[in-house]
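I have placed the structure first, in the form of structure tokens, so that the comments after it can refer back to it.
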Amino acid sequence: MARPYRSVLYIPAANARAMEKAQTLPADAIIFDLEDAVAPAEKAAARNALAAALANDYGPRARIVRINGLATEWGPDDARFCASLRADAVLIPKVDSAADLDRVAALIPDTPLWAMMETPLGMLNAAQIAAHPRLEGMVMGTNDLAKELNSRFRPDRLPMLAGLGLCLLAAKAHGKVIVDGVFNAFKDDEGLRAECAQGRDMGFDGKTLIHPAQLAIANEAFAPTDAEIDLARRQIDAFRAAEAEGKGVAVVDGRIVENLHVETARKTLDRAKAIAAMAG
């Protein structure tokens, strides 16, 4: 069963209390942030705090560390620090090309890499980035992308759709995890629910979040519904029965069911099992 990434919560690595609380939050993954969420004067202290935090048990939650870019004065030290850190992945900011991944990979030999997709050049090079052999996941950085595009906020995210689509296609083509960008209005539940539904409809695996209050909505939005699980089971059963009769297709609820639909149904059930396993 593939690990779910419905909810991916940013936590400042300088905030020891928040990192401790994250051990009990219903997040599928945590991004311990050494970059934007940490003031320049606190970078070194944040590394020490993070090392202490990751010595604790975060259960089934994926532990992802976002470092500063190698072009900054803190990035090389962050990368060397992560080389022996107890983390599931290292997230690299502002990835423009596969060469950016190569430079970090040379400093961190073993830990899987993730890429922040948040620049116009990154959008245009999404396919080569997703194809990198060390890459396991992609995170949409929609705030930075909006800044680079000089785009306006719209509830339908029309200015984002080209970039979101390019990265989504690249990730799916190469079998990589991809999670949607953050929703900034953390008290706007309906807005978050609508944006999660859009991301799920597009095919994203989950959503990055800035506040624990957003976790329940994301977890629900990116999980199979009871109706989807029921349909998946009935499609599999109907197709098996059709095969036993020597037929290549079945009919469920007035719709044709072929092998490709059965493959999707099995993925739905596998996802539901993985989410249930996360909950214990």
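Positions are given from 1, in the same order as the sequence printed here.
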Thr119 side, atom OG1; Met117 side, atom CE - distance, nearest 0.5 Å: 7.0 Å

Side-chain donor or acceptor of His132 paired with backbone N/O of Ile129 under 3.5 Å: no

Side chain proximity check, Leu107 to Leu70, heavy atoms < 4.5 angstrom: yes

Evaluation steps, side-chain hydrogen bond (donor to acceptor under 3.5 Å, both in side chains), between Asn125 and Ser97: CA-CA 6 Å; Asn125 289 330; Ser97 70; 5.3 Å; no

Asp77 side-chain N/O to Trp74 backbone N/O, donor-acceptor pair under 3.5 Å: no

Between CE on residue Met140 and CG on residue Leu164, distance to nearest 0.5 Å: 4.5 Å

Gap separating the CG atom of Leu34 from the CD1 atom of Ile67, nearest 0.5 angstrom: 8.5 Å

Side-chain (Glu118) to main-chain (Lys94) donor-acceptor, under 3.5 angstrom: yes

Min side-chain heavy-atom separation Leu135-His174 under 4.5 Å: no

Rounded distance (nearest 0.5 Å) linking atom CD1 of Ile64 with atom CG of Leu91: 7.0 Å

Within-4.5 Å side-chain heavy-atom neighbours: Met19 and Leu50: yes

Under 3.5 Å, which donor-acceptor pairs link side chains of residues 151-162 to any protein atom two or more places apart or in another chain?
| unit_1 | atom_1 | unit_2 | atom_2 | d |
| --- | --- | --- | --- | --- |
| Arg154 | NE | Asp156 | OD1 | 2.9 |
| Arg154 | NH2 | Asp156 | OD2 | 2.7 |
| Asp156 | OD1 | Leu158 | N | 3.1 |
| Arg157 | NE | Gln198 | OE1 | 2.7 |
| Arg157 | NH1 | Asp180 | OD1 | 3.1 |
| Arg157 | NH1 | Asp180 | OD2 | 3.2 |
| Arg157 | NH2 | Asp180 | OD2 | 2.7 |
| Arg157 | NH2 | Gln198 | OE1 | 3.0 |

Side-chain donor/acceptor of Asp88 to backbone N/O of Arg63, under 3.5 Å: yes

Expected output: side-chain Arg134 to main-chain Thr111 donor-acceptor under 3.5 Å: yes

Interatomic spacing from CD in Glu190 to CD1 in Ile217 - rounded to 0.5 Å: 7.0 Å

Whether Tyr58 and Phe32 hold their rings parallel, tilted or perpendicular, with breakpoints at 30° and 60°: perpendicular

Donor-acceptor pair, side chain of Glu42 and main chain of Ala39, under 3.5 angstrom: no

Value rounded to 0.5 Å, distance of CD in Glu243 from CG in Asn259: 7.0 Å

Option among Phe204, Trp114, Phe222 that satisfies the ring-ring contact (aromatic ring centres under 6.0 Å, His included) test with Tyr5: Trp114

Donor-acceptor contact present, side-chain Lys43 to main-chain Glu73, <3.5 Å: no

